[in-house]
Amino acid sequence: MAILNDVFFLTQQPVIMLEHDFGIDGTCFSTTIKANWESAKDEILGRGGKKRKRRQFEKVVLAAGTTFKIISSFAVAHSPSASESPYLRPLFEQILYLYEMVGLMAADAGFLSRENCALIGSAGAIPGYSRRMASPTGDLTHGGR
């Protein structure tokens, strides 16, 4: 594992002075070829009264530079339904450790909290959040309006 961490840090060295804006998000990926998130998310999140299949998925939260698209920090969540917001602090602190300057930290509404905004602002960066809005079906979606 130490070798993988060294490789991870070495891949970022060429862009440390050039990358200033970052985005962060979480996603689930399948641990088996027989399941996909879209078909199983209702079961995993406990909707519809079906049995939960948490072991079929892992959730990862990662941050990447918006210019060079290199993953700058990541964490594996403790469960597929874990909230993403608590992962911003350790990932953002790793970005601050690796990069010379952070100008923008973009995230979706899942990361929105006063604590996270204060953390990003205290480093001199701008917190950028997308809004959540209701779709015609009543579900919450991420919107660009």
Side-chain angles (χ1 to χ4, degrees), residues 1-47 52-135 137-145:
M1 191 63 142
I3 293 172
L4 288 176
N5 281 332
D6 288 345
V7 170
F8 177 73
F9 290 118
L10 288 172
T11 59
Q12 297 176 66
Q13 293 300 314
V15 299
I16 284 177
M17 300 287 285
L18 304 171
E19 188 73 74
H20 303 296
D21 298 334
F22 299 87
I24 186 170
D25 202 5
T27 190
C28 286
F29 58 92
S30 176
T31 58
T32 174
I33 60 170
K34 295 183 179 192
N36 69 47
W37 179 250
E38 281 302 312
S39 65
K41 70 181 175 184
D42 287 338
E43 295 172 26
I44 291 168
L45 298 175
R47 297 187 290 213
R52 295 181 184 190
K53 297 180 180 179
R54 292 182 186 270
R55 296 279 184 226
Q56 293 180 351
F57 295 91
E58 292 288 337
K59 184 173 193 172
V60 66
V61 181
L62 57 87
T66 61
T67 304
F68 297 99
K69 314 300 190 258
I70 295 176
I71 295 172
S72 53
S73 60
F74 69 93
V76 178
H78 65 276
S79 80
S81 59
S83 173
E84 298 168 358
S85 185
Y87 292 95
L88 188 132
R89 177 175 287 279
L91 298 182
F92 186 68
E93 288 173 349
Q94 186 173 1
I95 291 170
L96 291 175
Y97 175 77
L98 292 173
Y99 288 86
E100 297 287 320
M101 184 188 89
V102 178
L104 173 71
M105 189 68 191
D108 63 19
F111 292 93
L112 185 59
S113 73
R114 288 180 193 258
E115 181 181 327
N116 286 344
C117 288
L119 172 70
I120 294 167
S122 70
I126 299 168
Y129 289 97
S130 63
R131 298 182 308 177
R132 278 194 143 171
M133 47 195 249
S135 71
T137 60
D139 297 331
L140 287 178
T141 61
H142 301 289
R145 293 186 202 209

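What you see is a predicted model; the values in this text were computed from it and never measured.
Contact check for Leu96 versus Val102: side-chain heavy atoms found under the 4.5 Å cut-off. Contact annotation: the side chain of Met105 never approaches that of Leu119 to less than 4.5 Å [non-hydrogen atoms, C-beta and beyond]. Under the 4.5 Å side-chain criterion, counting only non-hydrogen atoms from C-beta, Arg89 is in contact with Glu115. The shortest distance between side-chain heavy atoms of Phe111 and Ile120 does not fall below 4.5 Å. Within the 4.5 Å cutoff, side-chain heavy atoms of Phe9 are placed close to those of Gln94. Side-chain atoms of Ser85 and Asn116, non-hydrogen and from C-beta on, do get closer than 4.5 Å to each other. Side-chain contact check for Tyr97 versus Ser73: every heavy-atom pair is 4.5 Å or farther apart.
Side-chain atoms of Ser72 come within 3.5 Å of backbone atoms of Ala63 as a donor-acceptor pair (strictly under, hydrogens ignored). Counting only distance, with no hydrogens or angles, the side chain of Glu58 and the backbone of Val76 share no donor-acceptor pair below 3.5 Å.
Shown here is Ile70, whose CD1 atom has more than 12 heavy atoms of other residues, nucleotides or ligands within 6.0 Å.
Of all the heavy atoms in Met17 and Glu100, the pair that sits closest is SD-CG, 3.1 Å. Among all heavy-atom pairs drawn from Glu84 and Asp108, the shortest one is OE1-OD1, 3.9 Å. Between Pro127 and Ala125 the shortest heavy-atom distance is CD-O, 3.6 Å. Across Leu18 and Phe68, no two heavy atoms sit closer than the pair CB-CE1, 3.6 Å. Residues Pro80 and Cys28 share a closest heavy-atom pair of O-SG, 3.6 Å. The two residues Phe22 and Met101 make their nearest non-hydrogen contact at CE1-O, 4.4 Å.
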Checklist entry - Could you walk me through whether Ile71 and Gln12 pass the side-chain contact (heavy atoms from CB on, under 4.5 Å) check? => result CA-CA 8 Å; Ile71 295 172; Gln12 297 176 66; over 6 Å; no
Next on the checklist: Test side-chain contact (heavy atoms from CB on, under 4.5 Å) on Asp21 and Thr67; report intermediate values, then the result.
Outcome noted: CA-CA 7 Å; Asp21 298 334; Thr67 304; 5.5 Å; no
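Atom CZ of Phe92 is separated from atom CD1 of Ile24 by 9.5 Å, given to the nearest 0.5 angstrom. Within the model, atoms NE2 of His20 and OG1 of Thr66 stand 10.0 Å from one another, a figure rounded to the nearest 0.5 Å. The distance from atom OH of Tyr87 to atom CG of Leu62, rounded to the nearest 0.5 Å, is 13.0 Å.
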